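The structure appears right after this line, and notes come after that.
Counting starts at 1 for both ligands and their atoms, following the listed order. Note that the structure is a prediction, hence the values are computed from the model and not measured. In what follows, every heavy atom counts, from backbone to side chain, and hydrogens, waters and symmetry copies are set aside.
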Amino acid sequence: MKKISFLIAALFAAVYLQAQPLPQEVKMKQFIDELMSKMTLEEKIGQLNLPGAGDFTTGQTASTDIGKKIIEGKVGGLFNISTVAKIRSVQQVAVEQSRLKIPLIFGMDVIHGYKSVFPIPLGLSCSWDMALIEQSARIAAQEASADGICWTFSPMVDLSRDPRWGRIAEGGGEDPYLGGEIAKAMVRGYQGKDLTANNTIMACVKHFALYGASEAGRDYNTVDMSRHRMYNEYFLPYKAAVDAGVGSVMASFNEVDGIPATGNRWLMQTVLRDEWGFKGFILSDYTGINEMIDHGMGDLQTVSALALNASVDMDMVGEGFLLTLKKSVEDGKISLDQINSACRRILEAKYVLGLFDDPYRYCDENRAKTEIYTDANRMAARKTATESFVLLKNDGNILPLKKDAKIALIGPLANDRLNMCGTWTVAGDFEKAISVHDGIKMVNGKPENITLAKGCNIVSDSLLETRIGMFGKATGWDSRPADIMIAEAVKAAEKSDVVIAVMGEASESSGESSSLTNIEIPQNQRDLMKALLKTGKPVVMVLFTGRPLAIKWEQENVPAILNVWFGGSEAGAAVADVLFGDVVPSGKLTTTFPQNTGQIPLFYNHKNTGRPLAEGQWFSKFRTNYLDVTNEPLYPFGFGLSYTTFSYSDLTLSKNSFKPGEKIDVKVNVTNTGNFDGKEVVQLYIRDMVGTTTRPVKELKGFEKILIKKGETKEVTFTIDVGDLKFYNYDLKFVAEPGDFKVFVGGNSRDVKEAAFVLTD
Ligand code: BGC
């Protein structure tokens, strides 16, 4: 069932993963030995320095005097700088004016596409389509490399179960197994088969580790977690990226086990390098080394030495390495060998990227003109967006809409281009994004059928709007009184056959430094929705969001809800494709939607506890539950509707008992029982019934997304082997324990068929 891919970056793998040195490896070693023999200590430390170029900033500290430092050999790479012309001119300074002419590595936060922007990663994950996800990274790499970039700070694979945390938008949801599959697909997409090719870029898995588990969902906050949980859950996606051959790893801002990740030798050396065999380079996050001063780990010299000792090779923005490592060598706090290793790893990355052969390998003006934001790439982004949308409700089959319907297009995001792409759109052009209004005009055909009204602002409070709009992407505050705006929207609704209410969050309501304590729809949007519902017209809510929202009221009152995340540069067209039935929705949630904020963290693969509630029960004294709300989510992990329906039958196992070395085939029939051809994500979960440690009530172990024509039945087969039953036991040994297991198959984590089997010795 686990498809292990060998499609990793070939040269990188050849260099790093083989036991016997290959000719390329020998050649690279000779080259770097020779180069390093000429380098002064200062020049070696210079390679460890990564200033930000300032085209896009994500912190309060900025780098200065970069040109001078490059000439002096005090810079190893630059990030968040774009366009071939700029990159070429900076590279020229490095290779013509610095003493040793070492090329720079150019990084960027290419997170979900470059100019052709794909859905935010949380949305991408809801496609459950690894080929599409890989393709999105491939296209991002092609476009970025055509514009001078050879390194991306992606994939972000931080598992998160806390939608208060704004950065949940950047990851692949709550599941370790799915997170791992996505991590592998993204690394394959970016790095391709050959990192030296000029259209592949080095990936950087981040943020190692556990960043998604910050207390109370507040960004940068403390994390405290058992090693058992780290190994069995949160570590898995990072490890998958390492197994796929990722070239670099970024340390997280948070502490892990009482020591900030950036200075945590157990994490970086013992786990990442010694246990997982990672051979690439590790960089800090933005000023992550300096921030250890505020964590209370010592002064700049101490924390810089701590990071290098922990095996961090590159210092992003903070320049603690640049300013203090020489002194730390003199003071005996770190060794020359450690500096040599860090420098070597960075030079190796430049080598495998082919920069020593041709420092301008990624600076081809022609490619920049012809390979970026092409029609084909935009079409791929549009198709991917349609696959990421999750239909949460569709009472009375309001959707799909008729193409000649008279539409009232209402809401703060109805006619908005700036908020289509979502957080971490560094290169994309917001002004050019397709709004929902643009998209509906493209698909609906008759512009005169559409009446537009904003209806309300994106949030109730203009101060909050300013905070969200920090990067200039908010919708713009409309100062008309709320009742006037609502009245205008109601008037439009009354004239229409159907109301499309485009609501939710602004782009920057999620992402970095965008945590919330209340994840409900803002009151002013709810007031608008109430007024629209009162008209008696059918209302479809198109929900833009970077996190699961607590939309219990909307679920109870609005007849149809299509969750569209932030779909990217083509979002509006993709929304129209789905609303009008050109594409049948097939996305499934990769993150649980709670009923309210107080239920957080709520996730499907929780433990049973010693006092579980009986199924379907709400409150029972002295059981694990709440007085005021059931334990159930609003929408469970894996959930998503289609315009058609699917039924599951005939779950069979090839045997009921097996031993290591053997396999069990799990077969199920899935029938399309509705009126549309549609895709279904068939999901396989297991439960280890008895263990030496407690085990989750369900764990995803396989999935398949398949097209089933209306009326057709398809048999789906999963194969379970002992590897699928393994977990890290109390001593952190990866074992499968003989005993009883359950297997579940269904279209989401809640509605499943089940069977049982035994693993014998
Ligand atoms: C973020 C990283 C990002 C870096 C560079 C930081 O603030 O945490 O995810 O890669 O900035 O922009």
Side-chain angles (χ1 to χ4, degrees), residues 49-63 66 76-82 105-114 120-122 137 140 144 149-160 165-172 183 186-187 190 201-214 217-221 223 237-238 241 246-256 260-262 281-292 294-295 307 312-319 422-428 470-471 508 510-515 546:
N49 188 30
L50 179 70
D55 277 6
F56 180 86
T57 351
T58 56
Q60 290 180 340
T61 308
S63 307
I66 300 173
L78 263 188
F79 74 100
N80 288 350
I81 170 171
S82 63
I105 182 173
F106 291 95
M108 189 183 249
D109 289 290
V110 181
I111 307 294
H112 49 109
Y114 188 68
I120 55 166
L122 187 59
I149 314 292
C150 54
W151 179 33
T152 177
F153 305 141
S154 172
M156 187 280 212
V157 302
D158 301 323
L159 210 90
S160 184
W165 190 54
R167 302 199 79 170
I168 197 169
E170 297 174 45
M186 302 272 307
V187 172
Y190 289 131
I201 59 178
M202 184 174 282
C204 173
V205 68
K206 68 187 189 186
H207 307 84
F208 193 59
L210 321 179
Y211 185 29
S214 59
R218 204 180 70 217
D219 209 0
Y220 319 123
N221 204 3
V223 171
Y238 309 111
V246 73
S248 59
V249 172
M250 187 187 293
S252 58
F253 288 125
N254 55 280
E255 66 181 68
V256 170
T262 315
F281 73 101
I282 304 173
L283 73 152
S284 77
D285 200 346
Y286 203 107
T287 58
I289 295 178
N290 313 52
E291 289 169 26
M292 288 198 284
D294 283 318
H295 274 286
V312 168
D313 305 304
M314 203 172 211
D315 176 1
M316 188 194 284
V317 177
E319 299 197 341
T423 187
W424 285 109
T425 302
V426 174
M470 215 150 59
F471 291 97
E508 289 303 318
S510 53
E512 187 168 353
S513 189
S514 297
S515 295

Fill in: Distance (rounded to the nearest 0.5 Å) between F253 CZ and S214 OG
12.0 Å
Practice prompt. Look at ligand 1 and say whether E170 reaches it with a heavy atom at a distance under 4.0 Å.
Written response: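 Flag not set, E170 not near ligand 1.
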Worksheet item: Can a non-hydrogen atom of M156 be found less than 4.0 Å from any atom of ligand 1?
Response: no
Item to complete: Would you check if there is a donor-acceptor pair between the side chains of S160 and D158 at a distance under 3.5 Å?
Response: no
Item to complete: Report yes if Y211 has an N/O atom closer than 3.5 Å to an N/O atom of ligand 1; otherwise report no.
Response: no
Per-atom contacts of ligand 1 with [X], taking only distances under 4.0 Å to non-hydrogen atoms:
{"X": "D109", "result": "3 (C), 5 (C), 10 (O), 12 (O)"}
{"X": "K206", "result": "2 (C), 3 (C), 9 (O), 10 (O)"}
{"X": "F153", "result": "10 (O)"}
{"X": "N80", "result": "12 (O)"}
{"X": "F79", "result": "5 (C), 12 (O)"}

Worksheet item: Heavy atoms, side chains only, cut-off 4.5 Å: are M202 and T152 in contact?
Response: no
Worksheet entry | W424, portion touching ligand 1 at heavy-atom distance under 4.0 Å |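 W424 to ligand 1: side-chain contact only, backbone stays beyond 4.0 Å.
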Worksheet, complete the sentence: Going by the 4.0 angstrom heavy-atom rule, the piece of M108 near ligand 1 is neither
Fill in: Step-by-step ring-ring contact (aromatic ring centres under 6.0 Å, His included) determination, W151 to F281
CA-CA 12 Å; W151 179 33; F281 73 101; 5.3 Å; yes
Practice prompt. Walk me through it: do N80 and D109 pass the test side chain to side chain donor-acceptor pair (under 3.5 Å)?
Written response: CA-CA 7 Å; N80 288 350; D109 289 290; 3.1 Å; yes
Worksheet item: Between W424 and F153, is the gap from one ring center to the other below 6.0 Å?
Response: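 For W424 and F153, the ring centres are not under 6.0 Å apart.
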Practice prompt. Check the angle between the aromatic planes of Y220 and Y211 and answer parallel, tilted or perpendicular using the 30° and 60° thresholds.
Written response: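 Y220 and Y211: parallel rings.
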